Enquirer: 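Have a look at this one before I ask anything.
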Amino acid sequence: MQGKKVGEGRTAEVWEHGTGAILKLYRDNIPGHHVEHEYEISKYVHGHNVQTPQPMELITSEGRKGIVFQQIHGRSMLKLISEKPWRLGGYARRMAALHYKLHKLEGPEGLGRQKEALHKTIIAAPMLTLEEKTAVLGELEKLPEGERLLHGDFHPDNVLMGEQVWVIDWMTGMSGNPAGDAARTVVMLSMGAVPPGASWLTRVLLAFMRQRLTKGYIREYLRLSGGSYAEINAWVLPVAAARLVEGIPTAEKEQLVREIRRRLSSISTL
């Protein structure tokens, strides 16, 4: 392996790769077509002047697929929030402005459709009964299609801040309705498992920060877009169900299932 490892996440490791470049090397359990999708969508967004690392080459190294990207410098917004929580409101507004700017762009043709992707994922979702999945899919069917560029995983850890602000990790990028993409961000910001053994004070602080970040993001996104909260809220049910297939903690999945069942129950009583 060239260079040294400079980072890693759930789907990939990041290695130095010559001068001014890094290699995002995907783990063995990531299907090759997902890597190819990220390469193609990254080329698309970079070509439309989105501030994202330039994808340079799709390669195979030691039997694993990888993408060579332009090396950028910055710290994740998530780390900055944890270090300076008193600036949380400003970060929430900045994140909403970035997301809205992406949604003004037309989505790529032939690189994934939002409702199709959600439909497939909901069918595969664990922890839900067939009846529950059918009900969620019924609600998804009612939602409007869209043609805008969606990130599909927009949260503070996918925003890097330095001399410039960068949006990274486009594996879930596609075309669709911006309200559904915003709903995905709302679900990730507002629901999450507390670390095991966390103190009462830590739990209270985390809950407060999540609530403030979520509200600040929604308020600014709606101000910029001119949309309504109802439009975003309608997507939360299918987005939450689709998230159950991801490698998130069991406690977080249980939280999602409770929210899904609460929403299904309220629909059935209307």
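All heavy atoms count here, side chains included; hydrogens, waters and symmetry mates do not. Bear in mind the structure is a predicted one, so any value in this text is a computation, not a measurement. We're numbering straight along the sequence, starting at 1.
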Enquirer: Take atom CZ of R94 as the centre, draw a 6.0 Å sphere, and report whether it contains more than 12 heavy atoms from other residues, nucleotides or ligands.
Expert: no

Enquirer: If you round to the nearest 0.5 Å, how far is OH of Y221 from CD1 of I232?
Expert: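 Result: 6.0 Å between the selected atoms.
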
Enquirer: Could you tell me whether the side chain of E252 and the main chain of P249 form a donor-acceptor pair under 3.5 Å?
Expert: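 Answer holds: no.
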
Enquirer: Could you give the distance from CG (L78) to CE (M161), rounded to the nearest 0.5 Å?
Expert: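 Nearest 0.5 Å value for the CG-CE distance: 12.5 Å.
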
Enquirer: Is the closest side-chain donor-acceptor distance between E13 and W15 under 3.5 Å?
Expert: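 There is such a pair between these side chains.
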
Enquirer: If two hydrophobic side chains count as joined below 4.5 Å and joins carry through other members, does L98 share a cluster with Y100?
Expert: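 Linked within one cluster.
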
Enquirer: For residues P85 and S82, report the shortest heavy-atom separation together with the two atoms involved.
Expert: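 Closest approach of P85 to S82: CD-O, 3.8 Å.
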
Enquirer: Can you check side chain to side chain contact (heavy atoms under 4.5 Å, CB included) on W235 and N177, steps first, answer last?
Expert: CA-CA 10 Å; W235 286 86; N177 190 311; 3.6 Å; yes

Enquirer: A side-chain contact here means heavy atoms from C-beta on lying under 4.5 Å apart; do P156 and S76 qualify?
Expert: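 They are not in contact (no side-chain heavy atoms under 4.5 Å apart), so the answer is no.
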
Enquirer: So which of T52, V159, N158 actually passes side-chain contact (heavy atoms from CB on, under 4.5 Å) with D169?
Expert: N158

Enquirer: Looking at CD of E254 and CE of M127, how far apart are the two atoms once the value is rounded to the nearest 0.5 Å?
Expert: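 One finds 5.0 Å between CD of E254 and CE of M127.
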
Enquirer: Flag the pair H33 / H37 as yes when their ring centroid distance falls below 6.0 Å, and as no otherwise.
Expert: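 Distance test on ring centres: not under 6.0 Å, no.
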
Enquirer: Establish whether V257 and L140 are linked, either directly or via other cluster members, by ILVMFWY side-chain heavy-atom contacts under 4.5 Å.
Expert: yes

Enquirer: Do E8 and K24 sit within salt-bridge range, that is, some charged N less than 4.0 Å from a carboxylate O?
Expert: no

Enquirer: Of the non-hydrogen atoms in S61 and L23, which two are nearest, and what is the gap between them?
Expert: CB-CD2, 4.5 Å

Enquirer: Would you check if the side chain of R184 reaches a backbone N or O of A240 as a donor-acceptor pair within less than 3.5 Å?
Expert: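 Here the side-chain-to-backbone pair does not exist.
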
Enquirer: May I have the step-by-step check of side chain to side chain contact (heavy atoms under 4.5 Å, CB included) for I260 and L237, ending in yes or no?
Expert: CA-CA 6 Å; I260 291 163; L237 177 61; 3.8 Å; yes

Enquirer: Are the side chains of H48 and L149 in contact, using a 4.5 Å heavy-atom criterion?
Expert: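 No; the side chains remain at least 4.5 Å from each other.
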
Enquirer: For T134 and L130, indicate whether the former's side chain and the latter's backbone hold a donor-acceptor pair under 3.5 Å.
Expert: yes

Enquirer: Work out which heavy atom in L128 is nearest to a heavy atom in A241; give both atom names and the distance.
Expert: CD1-CB, 4.0 Å

Enquirer: If you draw a 6.0 Å radius around NZ in K115, do more than 12 non-hydrogen atoms from other residues or ligands fall strictly inside?
Expert: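 It does: K115 NZ has more than 12 such atoms within range.
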
Enquirer: What distance do R113 atom CZ and L118 atom CG have between them, rounded to the nearest 0.5 Å?
Expert: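 The distance works out to 11.5 Å.
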
Enquirer: Give me the atom names and distance for the closest heavy-atom approach of I72 to P53.
Expert: CD1-CG, 3.6 Å

Enquirer: Check whether V186 and L150 end up in the same hydrophobic cluster, where Ile, Leu, Val, Met, Phe, Trp and Tyr are linked by side-chain heavy atoms less than 4.5 Å apart.
Expert: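 Unlinked, V186 and L150 end up in two clusters.
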
Enquirer: Within the side chain of K65, is there an N or O that forms a donor-acceptor pair under 3.5 Å with the backbone of P31?
Expert: no

Enquirer: Output all residues satisfying side chain to side chain donor-acceptor pair (under 3.5 Å) with S42, sequence neighbours left out; order by chain, then residue number.
Expert: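 In terms of side chain to side chain donor-acceptor pair (under 3.5 Å), with neighbours along the sequence ignored, S42 is linked to no residue.
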
Enquirer: Tell me if a side-chain donor or acceptor on R27 pairs with a main-chain N or O of G9 at a distance below 3.5 Å.
Expert: yes

Enquirer: Under the salt bridge (Lys or Arg N to Asp or Glu O under 4.0 Å) criterion, do K43 and E38 qualify, and how do the steps go?
Expert: CA-CA 8 Å; K43 286 198 300 182; E38 179 162 10; over 6 Å; no

Enquirer: In the single-linkage hydrophobic clustering (I, L, V, M, F, W, Y; side-chain heavy atoms under 4.5 Å), do L137 and V245 co-cluster?
Expert: no

Enquirer: Evaluate F208 against L88 for side chain to side chain contact (heavy atoms under 4.5 Å, CB included), listing each step before the verdict.
Expert: CA-CA 11 Å; F208 171 77; L88 193 148; over 6 Å; no

Enquirer: Is there a donor-acceptor pair closer than 3.5 Å between any side-chain N or O of Q70 and the backbone N or O of Q54?
Expert: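 Here the side-chain-to-backbone pair exists.
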
Enquirer: Please enumerate all residues that pass salt bridge (Lys or Arg N to Asp or Glu O under 4.0 Å) together with E106, with sequence neighbours excluded.
Expert: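 If we apply the salt bridge (Lys or Arg N to Asp or Glu O under 4.0 Å) test to E106, skipping adjacent residues, there are no hits.
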
Enquirer: Which heavy atom of H151 sits nearest a heavy atom of L102, and at what distance?
Expert: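 Looking at all heavy atoms of both residues, the shortest contact is CB-CD1, 4.4 Å.
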
Enquirer: Okay, side chain of T185, backbone of H155: is any donor-acceptor separation there less than 3.5 Å?
Expert: no

Enquirer: What do the steps show when you test D157 against M188 for side chain to side chain contact (heavy atoms under 4.5 Å, CB included), and what is the final call?
Expert: CA-CA 11 Å; D157 215 22; M188 288 188 291; over 6 Å; no

Enquirer: Would E83 and R75 pass as an ion pair if we require N to O under 4.0 Å?
Expert: yes

Enquirer: Hey, could you give me the CH2/CD distance between W166 and Q51, rounded to the nearest 0.5 Å?
Expert: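 W166 CH2 to Q51 CD: 4.5 Å, rounded to 0.5 Å.
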
Enquirer: If you count heavy atoms of other groups shown closer than 6.0 angstrom to CZ of R263, is the number above 12?
Expert: yes

Enquirer: Could you tell me if the ring centre of H103 sits under 6.0 Å from that of F154?
Expert: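 No, they do not, as the ring centres are separated by 6.0 Å or more.
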
Enquirer: I'd like to know if the side chain of R64 reaches the main chain of D28, judged simply by a donor and an acceptor atom lying under 3.5 Å from each other, with no hydrogens or angles considered.
Expert: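 Side chain of R64 to backbone of D28: no pair is present.
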
Enquirer: Examine M171 and L105 and state if one hydrophobic cluster contains both, with Ile, Leu, Val, Met, Phe, Trp and Tyr joined whenever side-chain heavy atoms are less than 4.5 Å apart.
Expert: no

Enquirer: I need the minimum non-hydrogen distance between P178 and R148, along with the two atoms involved.
Expert: CG-CG, 3.5 Å

Enquirer: Does a donor on one side chain sit under 3.5 Å from an acceptor on the other, for H99 and Y217?
Expert: yes

Enquirer: Working to the nearest 0.5 angstrom, can you tell me the gap between T11 OG1 and I30 CD1?
Expert: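 These two atoms lie 5.0 Å from each other.
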
